[in-house]
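Computed from a predicted structure; not experimentally measured.
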Amino acid sequence: MASEKKYKYHYEYPHPAVTSDCVIFGYDGKELKVLLIKRDDNSDAYPGAWALPGGFLRMDGDEPDFNMLECARRELEEETGLKDVYIREFGVYSDLGRDPRERVITVAHFALVKIQDVKGGSDAQEAKWFPAREVSQLAFDHDRILRDALSRLRETIHFEPVGFELLPEVFTMPQLQELYEAILEVKFDRRNFAKKINALEILSEVGDRPANAGPRTPFHYRFNKEQYEKMKMKRNGFRLEF
């Protein structure tokens, strides 16, 4: 008979469960989307409801999670098949009763991925992209977490060039403007937007403009990460105001 695993320390205080929830944003060229998973119809909590991808922190075993970011990255890979994507922690949620089964504290992250690269992991029963601004009635407190993630993304986009994580490697200025408009839910003047972006000097032109192209034919660009790092040091940070 296998002996029970013994722990060195036992406390009088009960321990909460800890999870990581991830708000996964993508962009389809028109709208900002969020990836949701459908909970099992036989689940003990919110059966059949849509929710943010997430899971419990691996405490021990052969492959424990080193920290919450590692937990979030693991869950992200299981749900989307993606590795090495932009992911950031933005909040901790610990309200009593947020999970009807037990006391659960979650550390929330948001990730930016290219929709076309998402393969869909086997860990989710069903996964689907939804327009971010139209989502409501999610399981647990995920409505609140999604709203907070949107607010943080809208703040971050002024101080980090995170928009490029959602675009193809090569893009046009109109495509970049449409992405910013989708995230911030505003409309920009075309010339003013291009002027402000070009002033940052973080874009590199790709290819040559065709000889017979009209004046409105857009250039193609690529995000210049090296130039961005230099600019950030020179200007003490990235700041984009409209």
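For the residue pair G55 and C71, the shortest heavy atom distance occurs at O-SG, 4.1 Å. Taking all atoms of both residues into account, the shortest heavy-atom contact from Y13 to H15 is O-CD2, 3.3 Å. Minimum heavy-atom separation, G26 to W129: N-CZ3, 3.5 Å. Annotation for R39 and A45: closest pair NE-O, 2.9 Å, computed over non-hydrogen atoms. The two atoms that bring M173 and A194 nearest to each other are CG-CB, 3.9 Å, heavy atoms only. Residues G54 and E75 share a closest heavy-atom pair of O-OE1, 3.2 Å.
Rounding to the nearest 0.5 angstrom, the gap separating the CD1 atom in I183 from the CG atom in L32 is 5.5 Å. In this structure, the separation between OH on Y221 and CD1 on I202 is 12.0 Å, given to the nearest 0.5 Å. Taking CZ from R98 and OG1 from T106, the interatomic distance works out to 5.0 Å, rounded to the nearest 0.5 Å. F223 CZ to L167 CG: the interatomic distance, rounded to the nearest 0.5 Å, is 11.5 Å. Note that CG of L52 and SG of C22 are 8.5 Å apart. Values are rounded to the nearest 0.5 Å. Between the CG atom of L76 and the NZ atom of K83 there is a distance of 11.5 Å, given to the nearest 0.5 Å.
A single hydrophobic cluster is seen to contain both V186 and L150, as judged by linkage of ILVMFWY side chains at heavy-atom distances under 4.5 Å, directly or through other members. Under a hydrophobic-cluster definition in which Ile, Leu, Val, Met, Phe, Trp and Tyr are linked whenever side-chain heavy atoms come within less than 4.5 Å, directly or via other members, F164 and F219 are assigned to the same cluster. By the rule that hydrophobic residues join a cluster once side-chain heavy atoms approach within less than 4.5 Å of another member, W50 and V23 end up as members of one cluster. Following chains of ILVMFWY side-chain contacts shorter than 4.5 Å, one can reach F130 starting from F110, so the two form part of one hydrophobic cluster. Hydrophobic clustering keeps L69 apart from I105 (ILVMFWY residues linked when any side-chain heavy atoms are closer than 4.5 Å, directly or through intermediates).
Using a distance-only test at 3.5 Å, with no hydrogens or angles considered, no donor-acceptor pair links the side chain of E178 to the main chain of Q175. Using modelled atom types, no side-chain atom of H220 and backbone atom of V170 make a donor-acceptor pair closer than 3.5 Å. A donor-acceptor contact shorter than 3.5 Å is absent between the side chain of N224 and the backbone of S204. Of the possible donor and acceptor atoms, none in the side chain of S43 sits under 3.5 Å from a partner among the backbone N and O of Y46. Judged purely by atom type and a 3.5 angstrom limit, D65 uses its side chain to pair as donor or acceptor with the backbone of R58.
At least one side-chain heavy atom of I197 sits under 4.5 Å from a side-chain heavy atom of L176. Two residues are said to be in side-chain contact when any heavy atoms from C-beta on lie closer than 4.5 Å; D95 and R144 meet this criterion. The shortest side-chain heavy-atom distance between L57 and M68 falls under the 4.5 Å cut-off. Annotation: side chain of E89 is in contact with side chain of V107 (closest heavy-atom distance under 4.5 Å). In this structure, F140 and D99 have side chains that are in contact, with non-hydrogen atoms separated by less than 4.5 Å. Looking at Q177 and R190, their side chains come closer than 4.5 Å, going by heavy atoms from C-beta outward. The shortest side-chain heavy-atom distance between L153 and V162 falls under the 4.5 Å cut-off. Side-chain atoms of R74 and E63, non-hydrogen and from C-beta on, never get closer than 4.5 Å to each other.
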Given V113 and T80, is the side-chain contact (heavy atoms from CB on, under 4.5 Å) satisfied, shown in steps?
CA-CA 9 Å; V113 305; T80 68; 5.5 Å; no
Any chance you could lay out the side-chain contact (heavy atoms from CB on, under 4.5 Å) test for L166 and K114, step after step, and finish with the verdict?
CA-CA 5 Å; L166 297 167; K114 294 177 174 61; 6.0 Å; no
Criterion ring-ring contact (aromatic ring centres under 6.0 Å, His included) on F188 and Y180, from CA distance to verdict
CA-CA 9 Å; F188 299 115; Y180 271 73; 7.2 Å; no
Test log, rule side-chain contact (heavy atoms from CB on, under 4.5 Å), inputs D21 and H109
CA-CA 6 Å; D21 287 314; H109 300 74; over 6 Å; no
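The pair E226-K230 counts as a salt bridge, with a side-chain nitrogen and a carboxylate oxygen less than 4.0 angstrom apart. A salt bridge does not link R73 with E77: none of the charged nitrogens is closer than 4.0 Å to a carboxylate oxygen. Using a 4.0 Å cut-off between a side-chain N of Lys or Arg and a carboxylate O of Asp or Glu, E185 and R154 qualify as a salt bridge. The residues R152 and E160 are annotated as not salt-bridged, no charged nitrogen and carboxylate oxygen being separated by less than 4.0 angstrom. We find that D28 and K33 are joined by a salt bridge, their nearest charged nitrogen and carboxylate oxygen being less than 4.0 Å apart.
More than 12 heavy-atom neighbours from other residues, nucleotides or ligands sit within 6.0 angstrom of CD on E102. Counted within 6.0 Å of CD on E169, heavy atoms from surrounding residues, nucleotides or ligands total 12 or fewer; the atom is thus considered open. Heavy-atom contacts from other residues, nucleotides or ligands closer than 6.0 Å to CZ of R103 number more than 12. Taking a 6.0 Å sphere around CD of Q116, one finds it holds more than 12 heavy atoms contributed by other residues, nucleotides or ligands.
Tested against I24, the residues L35, V34, I37 include a single side chain to side chain contact (heavy atoms under 4.5 Å, CB included) partner, L35.
In this structure, R191 is not positioned above the aromatic face of F193 in the sense of NZ or CZ being under 6.0 Å from the six-membered ring centre and within 45° of the axis.
With no hydrogens or angles considered, a side-chain donor-acceptor pair links D148 and Y93 at under 3.5 Å.
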